[in-house]
Number of protein chains: 2
Amino acid sequence: MVTPTSHPPIEGVPQVRSFNRLVTERIGALSDEYLARGRPLGASRLLWEVGVAGADVRDLRVRLGLDSGYLSRLLRNLEAEGLIEVVVSPEDRRVRLARLTSKGRMERVVLDRRSDELAESLLAPLSEGQRGRLVAAMAEVERLLTASAAELREVDPADPDVAHCLHEFFGELGRRAARPVTEEDVPTAEDMRAPHGVFVVAYLKGAPIGCAGLKQHDGFAEVKRMWVDAGARGLGLGRRLLDHVEGLARARGIEVLRLDTNEHLTEAIGMYRSAGYEQIPPYSDEPFATHWFEKRLGERGAGDDREGGAAN
Amino acid sequence: MVTPTSHPPIEGVPQVRSFNRLVTERIGALSDEYLARGRPLGASRLLWEVGVAGADVRDLRVRLGLDSGYLSRLLRNLEAEGLIEVVVSPEDRRVRLARLTSKGRMERVVLDRRSDELAESLLAPLSEGQRGRLVAAMAEVERLLTASAAELREVDPADPDVAHCLHEFFGELGRRAARPVTEEDVPTAEDMRAPHGVFVVAYLKGAPIGCAGLKQHDGFAEVKRMWVDAGARGLGLGRRLLDHVEGLARARGIEVLRLDTNEHLTEAIGMYRSAGYEQIPPYSDEPFATHWFEKRLGERGAGDDREGGAAN
DNA sequence: ACCATTCGCTGATGTTAGTCAGAGGATCCA
DNA sequence: TGGATCCTCTGACTAACATCAGCGAATGGT
């Protein structure tokens with residue numbers, strides 16, 4: 001799935017390797033020590049994932065990425081310890097529901113405490129100032145690794161994930177522009193199906209968190225439905241989507257990209273400008289459009305050195 | 001071993017926990033995927049540790065923290081794959097020496113490449129600027145986690161680690177002061193044995209990387225032999241050692257601390273001043289002493305909130 | 001009413017990781 | 001020279017972490 005760019009060497013690889021080594025050793029070893037309470041670590045994780053609200057077994061399987069049989073066994077072990085109980089779901093009697101017993105809830109509290117202690121054991125030896133810097137640096141690493149984990153995929157416009165994205169997109173547009181948007185106002189992405197267009201969805205841990213579409217016209221192509229989930233902003237994902245779509249357009253020999261947007265989407269407008277788009281007169285009559293932009297795609301230049309054009 | 005401070009809640013615990021979760025999942029899962037080349041991960045790690053120069057089995061056992069029997073088995077597996085060969089050491093025929101065959105060296109190169117690819121796969125989706133920030137933040141996390149992993153232990157002055165520290169200390173002192181120091185000039189730490197003093201050594205991964213001693217006199221105590229290994233500077237270890245020794249002194253009811261130092265140890269002098277030590281007239285005639293300092297220990301105040309006094 | 005599918009469970013089986021006791025040879029020290 | 005110690009290996013064992021095939025009950029679509 002991941003195709004590391006091969007030719008231009010990426011700066012910082014040794015530092016990343018060194019980080020990986022240190023962090024997996026230190027954090028990994030400590031986690032075991034703190035969290036395996038006489039129980040296999042997998043069971044502790046499972047206990048945690050069941051959570052106070054309970055969860056159905058199907059979800060747990062997906063979340064933890066476990067084999068159905070294996071999970072079943074783990075559940076029975078926890079059940080034997082009296083920490084959880086598994087009952088059939090009232091809605092679908094094939095589905096089973098795991099939830100914590102009161103003993104299980106107590107154990108979960110203990111686990112929570114142990115997690116805190118693990119974190120404290122890392123912070124405790126440091127001075128006040130060092131702690132602050134460590135926490136800040138960890139937050140930065142976390143943000144950027146999250147950004148890096150986002151994956152772009154070309155998706156068929158009929159995919160439910162596309163509908164989700166468009167729904168969110170128009171929902172926000174309506175809110176920002178203070179114009180109510182009903183279900184029927186939300187268009188499909190059928191006009192961006194295969195030969196005449198592409199629809200790209202950004203995923204994080206399997207959930208769609210952004211999108212962008214490309215629609216070909218005569219002599220130019222149009223970038224449409226640029227959206228990034230509110231919870232995933234600030235990760236540079238919008239720019240990445242745009243770069244990706246531009247790469248796809250370039251690969252198809254397209255030389256001019258256009259797009260329209262709404263005056264209330266200020267961050268988007270800023271991003272388009274900084275990506276080299278210039279404002280042009282209206283070329284469409286989309287309901288929400290207030291600003292129109294255009295960019296000539298030259299040869300791949302500086303700043304385009306990622307995502308490998310049409311790859312991924 | 002680690003005793004998390006219990007009462008004053010430590011800031012940043014949730015952030016650290018979140019970081020731990022993300023990093024173990026993301027890096028851990030990726031590591032497996034990239035490095036387990038059809039071989040158990042442990043074997044790959046071992047192959048790596050044997051290294052181009054070869055290593056004797058005893059060292060490997062310590063470095064990887066493996067059981068003697070288990071390691072033996074792993075070695076035989078690698079041997080069966082034709083990746084290493086194990087021969088008896090010429091110096092001590094009990095000891096066995098593992099070294100890579102040419103096939104093993106090639107495999108190690110592949111492993112190296114895979115590690116690079118792992119790192120690249122994290123960096124590749126990011127923009128130039130994000131990469132720079134990620135690498136910088138990783139370096140910061142690594143430095144601070146290393147600092148946090150350093151462990152202070154009270155050690156008997158006869159321990160060979162103490163000799164090592166003093167040797168390094170006087171070596172550097174001689175170099176800085178441009179005055180040759182012979183083996184005989186290096187004193188022992190016998191005057192800091194149990195009831196009349198303490199000697200504290202800082203360890204990182206089992207290796208001594210710093211020290212500080214406390215010697216009790218009438219009416220005051222003296223801090224002596226403050227040293228931090230050149231490779232471990234900038235981690236705040238000097239200050240931590242000093243704080244720790246002050247805590248020990250306080251616990252013994254000592255109210256006045258003195259120390260002498262040499263004009264060429266400028267960082268140390270800076271640290272003493274910032275820790276509240278004030279310059280006083282000479283009180284000793286140590287060969288290298290050029291500056292003398294004193295600090296009155298009051299009640300534990302701000303900035304002393306770590307390491308829990310005499311604990312650890 | 002039927003069939004395909006979904007869901008969870010069970011049994012069989014395999015690999016990885018790790019522990020423990022002790023054998024056997026080599027070395028060190030008194 | 002004789003014990004104590006060191007180093008490695010073997011055999012026996014265990015726990016954790018899976019994978020796979022198939023069963024039986026429930027469900028949804030036609």
Side-chain angles (χ1 to χ4, degrees), chain A residues 24-25 28-29 31-50 54-81 83-99 160, chain B residues 24-25 28-29 31-50 54-81 83-99 160:
Chain A
T24 48
E25 273 173 25
S31 296
D32 292 7
E33 181 187 328
Y34 274 87
L35 300 181
R37 309 226 321 131
R39 183 180 7 264
L41 234 173
S44 286
R45 257 199 306 265
L46 177 55
L47 191 62
W48 183 262
E49 281 294 334
V50 169
D56 59 56
V57 174
R58 189 179 26 178
D59 279 9
L60 291 173
R61 209 169 32 231
V62 176
R63 283 218 298 272
L64 295 167
L66 294 177
D67 172 81
S68 152
Y70 185 35
L71 175 60
S72 181
R73 249 168 283 266
L74 285 176
L75 284 172
R76 263 185 314 130
N77 287 345
L78 289 178
E79 209 166 20
E81 277 194 81
L83 298 172
I84 62 168
E85 48 184 7
V86 181
V87 296
V88 297
S89 158
E91 293 126 43
D92 182 338
R93 301 224 312 278
R94 287 171 305 182
V95 175
R96 306 201 68 193
L97 223 61
R99 62 160 171 265
Chain B
T24 48
E25 275 173 23
S31 297
D32 293 5
E33 181 188 329
Y34 274 86
L35 300 181
R37 308 225 322 132
R39 182 176 13 261
L41 236 172
S44 287
R45 257 199 305 267
L46 177 55
L47 191 63
W48 184 262
E49 281 295 332
V50 169
D56 58 56
V57 174
R58 190 180 26 179
D59 279 9
L60 291 172
R61 206 166 39 229
V62 176
R63 282 219 297 273
L64 293 167
L66 294 177
D67 172 81
S68 153
Y70 184 34
L71 175 60
S72 182
R73 248 170 284 266
L74 285 175
L75 284 172
R76 265 185 312 130
N77 286 346
L78 289 178
E79 209 166 19
E81 279 193 82
L83 298 172
I84 63 168
E85 49 185 6
V86 181
V87 297
V88 295
S89 159
E91 294 127 43
D92 182 339
R93 300 227 308 281
R94 289 170 303 182
V95 175
R96 306 202 66 191
L97 224 61
R99 63 161 171 263

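Hydrogens, waters and symmetry mates are skipped; everything else that's a heavy atom, side chains included, is used. Residue numbers start from 1 in every chain, and the chains themselves are labelled A, B, ... in the order their sequence lines are given, proteins ahead of strands. Just so it is clear, the model here is predicted, and its values are computed rather than measured.
Side-chain nitrogen and oxygen atoms of Arg93(A) include none within less than 4.0 Å of the OP1 or OP2 phosphate oxygen of dA25(D). Contact annotation: Arg94(B) does not reach the phosphate of dC7(D) (side-chain N/O to OP1 or OP2, under 4.0 Å). An OP1 or OP2 oxygen of dG18(C) is reached within less than 4.0 angstrom by a side-chain nitrogen or oxygen of Tyr70(B).
Side-chain contact check for Leu46(B) versus Leu75(B): some heavy-atom pair is nearer than 4.5 Å.
With rounding to whole Å, Arg58(B) atom CZ is found 12 Å from dT27(C) atom P. Following rounding to the nearest Å, Asp92(B) (CG) and dG25(C) (P) show an atom-to-atom distance of 16 Å. As a whole-Å value, the separation of Leu46(B) CG from dT8(D) P is 13 Å. For Leu41(B) and dA18(D), the CG to P distance is 12 Å, given to the nearest whole Å. dC6(D) atom P lies 16 Å from atom CG of Asp56(B), rounded to whole Å. Taking atom CZ of Arg61(B) as the reference point, atom P of dT19(C) lies 13 Å away to the nearest angstrom. We find that CG of Asp67(A) is positioned 18 Å from P of dA16(D), with the value rounded to whole Å. Taking atom CG of Leu71(B) as the reference point, atom C1' of dC20(C) lies 16 Å away to the nearest angstrom.
Taking a 6.0 Å sphere around CZ of Arg39(A), one finds it holds more than 12 heavy atoms contributed by other residues, nucleotides or ligands.
Side chain of Glu49(B) to backbone of Arg63(B): no donor-acceptor contact under 3.5 angstrom is found. Between the side chain of Arg96(A) and the backbone N or O of Val57(A), no donor-acceptor pair lies under 3.5 Å. Distance alone, capped at 3.5 Å, is enough to place a donor-acceptor pair between the Ser44(B) side chain and the Leu35(B) backbone.
At a cut-off of 3.5 angstrom, counting only N and O atoms as typed in the model, there is a donor on one side and an acceptor on the other between the side-chain of Ser68(A) and the base of dC9(C).
Residue contacts for Gly42(A): at a heavy-atom cut-off of 4.0 Å it reaches the sugar-phosphate backbone alone, with no base atom in range.
In terms of heavy-atom proximity, Glu79(B) sits nearest to Val86(B) at OE2-N, 3.3 Å.
Of the two residues near DNA chain D, Gly65(A) and Glu91(A), the one whose nearest nucleotide lies more 5' is Gly65(A).
Contacts between residues 72-81 of chain A and DNA chain D, defined by a heavy-atom separation below 4.0 Å, involve Arg73(A), listed by number.
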Side chain to side chain contact (heavy atoms under 4.5 Å, CB included) between Leu60(B) and Leu66(B): does it pass, once the steps are laid out? CA-CA 8 Å; Leu60(B) 291 172; Leu66(B) 294 177; over 6 Å; no
